[in-house]
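All remarks here apply to the structure that follows.
We count ligands from 1, going down the list as the structure has it; atoms in each ligand are counted the same way. Predicted, not measured: the structure shown is a model, and the values here were computed from it.
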Amino acid sequence: MVKPKTEEEIELLRENAILVSKTLAEVGKIVAPGVSTLELNRVAETFIRDNGAIPSFLGYDGFPAALCISVNDTVVHGFPSEYALKEGDIVSVDCGTFYKGYNGDSAYTFPVGEVSAETRKLLDVTKASLYRGIEAAVVGNRTGDIGYAVQSYAESFGFSVVRELEGHGLGAEMHEEPGIPNYGRRGKGTHLVDGMVICIEPMINAGGRNVYLANNGWEVKTSDHRNAAHYELTVVVRHGMAEQLSTFDFIEKDASIKF
Ligand code: MG
Ligand code: MG
């Protein structure tokens with residue numbers, strides 16, 4: 001049985017969620033051809049620290065940076081590097097904060113300049129699959145209902161769901177129970193209860209679902225080297241409709257950010 005969060009804990013998780021949401025927008029403002037992914041990481045780390053928080057990914061199991069930055073065929077856990085983004089790339093940015101004893105964790109995939117129609121579709125469908133998952137994150141459902149919602153939507157467009165990684169509970173620890181797979185069967189899995197705080201984070205591939213771990217032991221890449229997208233939000237399970245803690249509004253309501 002997963003213990004739901006108290007309303008006091010939820011407020012602290014909300015503060016973290018807003019900070020990661022704003023951090024992703026700060027990153028989005030500078031995504032452009034020619035910008036290195038190290039520069040994205042630098043902007044995020046500075047913004048997080050300026051807000052009195054700690055970048056929780058840095059040093060987590062030895063992870064070397066504040067952000068996971070995953071370009072094109074890298075699904076998740078990419079290292080920031082000297083690589084300069086180029087027109088037509090997509091860049092998935094995953095951000096974590098630790099503040100007042102609690103965690104924030106959200107991700108967004110940005111297009112770099114103009115992307116192909118197929119890539120545009122991958123971004124739109126992956127984000128929409130996340131919202132389908134959030135719609136299923138209500139009391140009375142189970143984790144399998146979330147997975148089913150994400151999977152059935154994404155696969156209806158011919159895309160595939162990465163199965164090796166999943167969403168998770170969030171609290172004082174970055175990864176808590178229950179796991180939230182992006183595939184599944186309705187009515188199966190952990191029961192969702194009021195006050196449970198979870199991260200839903202579909203990782204959707206343009207091609208096949210198979211992935212492999214790069215030699216650095218972190219980066220997860222698509223086996224067919226086609227693009228992958230990743231969006232993540234933190235929500236509270238509630239009766240009738242989940243309550244979103246993190247938001248993409250800071251990105252999508254900023255006219256200077258291409259999304
Ligand atoms: Mg994340
Ligand atoms: Mg996560």
* Y148: which of R186, R185, R142 passes side chain to side chain donor-acceptor pair (under 3.5 Å) ->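 By the side chain to side chain donor-acceptor pair (under 3.5 Å) criterion, Y148 pairs with just one of R186, R185, R142: R186.
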
* Of all the N, O or S atoms in D105, which one sits nearest to the Mg ion (ligand 2)? ->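 That would be atom OD2.
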
* Asked: Closest to the Mg ion (ligand 2), which N/O/S atom of E232 is it?
  ->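 Looking only at N, O and S atoms of E232, the one nearest the Mg ion (ligand 2) is named OE2.
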
* Asked: Considering residues, nucleotides and ligands other than N215, do more than 12 of their heavy atoms fall under 6.0 Å from its CG?
  ->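 12 or below, so no.
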
* If you look at D94, which of its N/O/S atoms is nearest to the Mg ion (ligand 1)? ->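 Of all N, O or S atoms belonging to D94, OD1 is the one nearest the Mg ion (ligand 1).
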
* Taking both backbone and side-chain atoms into account, decide whether C199 has an N/O/S atom under 2.8 Å from the Mg ion (ligand 2). =>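 Checking C199: none of its N, O or S atoms is under 2.8 Å.
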
* Asked: Is there an N/O/S atom in E201 that lies less than 2.8 Å from the Mg ion (ligand 1)?
  ->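 Given the 2.8 Å cut-off, E201 does not count as a ligand of the Mg ion (ligand 1).
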
* To do: Would you please say whether a donor-acceptor pair under 3.5 Å links the side chains of E252 and Y108?
  =>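 Yes, a side-chain donor-acceptor pair sits under 3.5 Å.
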
* Asked: For the residue pair W218 and F63, does the interplanar ring angle fall in the parallel (under 30°), tilted (30 to 60°) or perpendicular (over 60°) class?
  ->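 Plane angle over 60°, so perpendicular.
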
* Basic-acidic side-chain contact under 4.0 Å: K5, E11 ->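 Salt bridge absent between K5 and E11.
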
